[in-house]
Amino acid sequence: MTVVTRIEIADQVEGLFDGSSIGYEDLLQYATEHGARDEVLTTLGRLHGDTYRRLPDLWGELRDVPVEL
């Protein structure tokens, strides 16, 4: 299994965050459309489906995802 990092997730979805609330499905769709690897999509799939205003809001639910390798 290939490790997913917070940096990789950020690279895939940071362009979506503009200060408004982002829904879980919008986040997954954006990542998919921007070429996220299956492992990144699987990791994002562990989110609880809340809304997120800032990229760091994801890390509370993805505590085990390392920042980098």
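Positions are given from 1, in the same order as the sequence printed here. For clarity, every value in this text was computed on a predicted model and none was experimentally measured.
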Notebook entry, point to check: Residues two or more places apart in sequence or in another chain: which of them pass side chain to side chain contact (heavy atoms under 4.5 Å, CB included) with E61?
Noted result: L47, H48, D50, Y52
Note to self: List the residues meeting side chain to side chain contact (heavy atoms under 4.5 Å, CB included) with R37, not counting sequence neighbours, and say none if there are none.
What the structure shows: T2, V4, E8, E39, V40
Taking all atoms of both residues into account, what is the closest heavy-atom pair of [X] and [Y], and its distance?
X   : Y   : answer
T5  : V67 : CB-O, 3.4 Å
L28 : L41 : CD2-O, 3.9 Å
R63 : R6  : O-NH2, 3.4 Å
L44 : A31 : CD1-CB, 3.8 Å

Notebook entry, point to check: Would you call I22 and D57 a side-chain contact if the rule is heavy atoms closer than 4.5 Å?
Noted result: no
Not counting sequence neighbours, which residues clear salt bridge (Lys or Arg N to Asp or Glu O under 4.0 Å) with [X]? List them please.
X   : value
R53 : none
R46 : D64
D38 : none

Next item on the list: Could you tell me which residues satisfy side chain to side chain donor-acceptor pair (under 3.5 Å) with E33, sequence neighbours excluded, listed by chain and number?
Entry: Q29
Note to self: Listing request: all ring-ring contact (aromatic ring centres under 6.0 Å, His included) pairs with a residue in residues 9-43, at least two apart in sequence or in separate chains.
What the structure shows: Y30-H34
Margin query: Under the salt bridge (charged side-chain N to carboxylate O under 4.0 Å, His left out) definition, can you give me all pairs with a residue in residues 16-29, not counting sequence neighbours?
Written below: none
Note to self: Please determine whether residues L27 and W59 belong to a single hydrophobic cluster, defined as Ile, Leu, Val, Met, Phe, Trp and Tyr linked transitively by side-chain heavy-atom distances below 4.5 Å.
What the structure shows: yes
